[in-house]
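Comments concern the structure below.
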Amino acid sequence: MVNAGTLALSGSGSLASSAGLYVAAGTAFDASAVGGFTLGAGHTLWGNGTVNGNFTVGSSGVLSPGSSIGTLTFNNALALAGGSTNLFEVSHSPLTSDSVVVAGLLTCGGTLIVTNSGASALMAGDSFRLFNAGSYSAGFAKVILPSLNTGLAWDTNALTTSGVIAVAPAPPVFGNLTVTDGNVILTGSGGMAASNFYVLSSTNLTESLNNWTRLLTNQFDINGDFN
């Protein structure tokens with residue numbers, strides 16, 4: 001536990017017999033003298049302070065920034081080994097999240113688990129930068145994210161390039177297509193309840209959607225279904 005000042009290592013560069021490593025805000029854990037540090041299996045790194053030197057969260061190790069929601073800063077490189085677990089919290093109100101800042105290379109790996117610690121449901125447009133690194137490599141074997149209301153989906157396309165996850169409207173799912181009295185009728189589900197949708201038309205499927213013609217505006221029902 002680092003509660004004040006700086007803890008500097010001069011011997012072994014691993015943790016194998018402690019319950020974990022807590023680095024409080026305004027303090028530093030310095031492993032630069034031993035060429036890096038590996039968090040052993042079954043142990044957790046958490047807090048809001050700073051880590052100097054290359055750091056590895058080993059297999060079965062746990063990274064959990066903050067003591068509630070907060071930020072851990074790594075002044076060198078951070079590697080999340082395969083088999084590691086990375087625990088993050090997010091919140092809609094206030095819109096905030098745990099974060100890890102890495103000055104050097106972040107090597108992603110293991111399992112990322114994100115939970116909603118706030119009282120409010122997450123909404124479309126919510127965006128969280130979990131990792132802010134100088135550069136990124138590899139990816140997570142598994143990503144477990146909070147459940148969302150109907151019509152919403154997680155966008156993780158930027159997770160391993162800029163550390164961002166976001167809540168976005170889920171694309172509706174088309175069901176039946178029928179032709180009645182010369183009319184084409186489409187039905188489906190998975191929209192945002194009571195929100196608008198638009199039917200667009202074009203004779204050229206390759207042109208930008210901005211150039212398609214809007215035929216009508218309609219609304220998903222309270223279940224997110226459309227007709």
Side-chain angles (χ1 to χ4, degrees), residues 80 86 88-116 118 120-227:
L80 308 174
N86 307 281
F88 286 73
E89 294 179 336
V90 299
S91 167
H92 170 73
S93 182
L95 188 63
T96 186
S97 72
D98 286 326
S99 65
V100 166
V101 176
V102 184
L105 172 66
L106 169 66
T107 303
C108 302
T111 298
L112 172 64
I113 301 175
V114 179
T115 58
N116 178 13
S120 302
L122 300 174
M123 303 292 290
D126 288 353
S127 180
F128 308 100
R129 190 165 194 182
L130 305 182
F131 299 96
N132 185 354
S135 57
Y136 301 79
S137 70
F140 295 99
K142 181 184 293 187
V143 177
I144 302 173
L145 300 174
S147 60
L148 299 171
N149 288 335
T150 300
L152 299 177
W154 281 105
D155 180 355
T156 60
N157 290 329
L159 175 59
T160 55
T161 56
S162 61
V164 174
I165 60 173
V167 181
V173 177
F174 285 96
N176 296 324
L177 184 154
T178 59
V179 178
T180 303
D181 297 328
N183 296 314
V184 176
I185 301 174
L186 298 170
T187 62
S189 60
M192 292 182 63
S195 65
N196 290 339
F197 67 86
Y198 310 102
V199 178
L200 307 178
S201 172
S202 176
T203 58
N204 181 2
L205 298 181
T206 64
E207 70 175 350
S208 169
L209 285 178
N210 294 329
N211 297 324
W212 287 39
T213 301
R214 184 183 297 184
L215 297 181
L216 60 85
T217 301
N218 214 327
Q219 195 172 61
F220 297 105
D221 66 18
I222 59 174
N223 297 313
D225 298 333
F226 66 91
N227 183 344

(message) Apply side-chain contact (heavy atoms from CB on, under 4.5 Å) to residues V199 and W212 and explain how you reach the verdict.
(response) CA-CA 10 Å; V199 178; W212 287 39; over 6 Å; no
(message) Below 30° counts as parallel, above 60° as perpendicular, anything between as tilted: where do the rings of F226 and F220 land?
(response) perpendicular
(message) Quick check against the 3.5 Å criterion: does D221 have a side-chain atom that pairs as donor or acceptor with the backbone of N223?
(response) yes
(request) Report the relative orientation of the aromatic rings in F128 and W154; use parallel for angles under 30°, tilted for 30 to 60°, perpendicular for over 60°. (result) tilted
(request) Write down the atom of N149, the atom of A121, and the distance for their closest heavy-atom approach. (result) ND2-CB, 3.8 Å
(request) First locate atom OG1 of T187, then atom CZ of F174, and finally report the distance between them rounded to the nearest 0.5 Å. (result) 9.5 Å
(message) With a 6.0 Å cut-off (strictly less than), is the heavy-atom count around CG of L177, excluding the residue itself, greater than 12?
(response) yes
(request) Starting at CD1 of I113, measure out to CG of N86 and round the result to the nearest 0.5 Å. (result) 8.5 Å
(request) Can you measure from OG1 (T161) to OH (Y136) and round to the nearest 0.5 angstrom? (result) 7.5 Å
(request) Report yes or no: does Q219 contribute a side-chain atom to a donor-acceptor pair with the main-chain N or O of A194 at less than 3.5 Å? (result) yes
(message) So does L130 get a backbone contact from the side chain of S97, meaning a donor-acceptor N/O pair under 3.5 Å?
(response) no
(message) Does any part of the side chain of L95, heavy atoms only, come nearer than 4.5 Å to the side chain of D126, both counted from C-beta?
(response) yes
(request) Check whether any side-chain heavy atom of L105 lies under 4.5 Å from a side-chain heavy atom of S137, and answer yes or no. (result) yes
(message) Is the shortest side-chain heavy-atom distance between L106 and L80 below 4.5 Å?
(response) yes
(request) Answer yes or no: is there a side-chain heavy-atom contact under 4.5 Å between L145 and T156? (result) yes
(message) I need the F131 CZ to S162 OG distance, nearest 0.5 Å.
(response) 11.5 Å
(request) Return the minimal non-hydrogen interatomic distance between G118 and S91, and the atom names on each side. (result) CA-OG, 4.0 Å
(request) Please check if any side-chain donor atom of D155 sits under 3.5 Å from a side-chain acceptor atom of N157, or the reverse. (result) yes
(message) Counting the benzene-type ring for Trp, do F140 and F88 have ring centres under 6.0 Å apart?
(response) no
(request) For T206 and N204, test the side chains for any donor-to-acceptor distance below 3.5 angstrom and give the result as yes or no. (result) yes
(message) Can you tell me how far apart CG (L122) and OG (S120) are? Round to the nearest 0.5 Å.
(response) 9.0 Å
(request) Output the distance between atom OG1 (T180) and atom CD1 (I185), rounded to the nearest 0.5 Å. (result) 4.0 Å
(request) Return the minimal non-hydrogen interatomic distance between V164 and S127, and the atom names on each side. (result) CG1-OG, 3.4 Å
(message) Would the distance check show the side chain of R129 and the main-chain N or O of S99 forming a donor-acceptor pair, the cut-off being under 3.5 Å?
(response) no
(message) Which heavy atom of T160 sits nearest to which heavy atom of C108, and what is that distance?
(response) CG2-SG, 4.2 Å
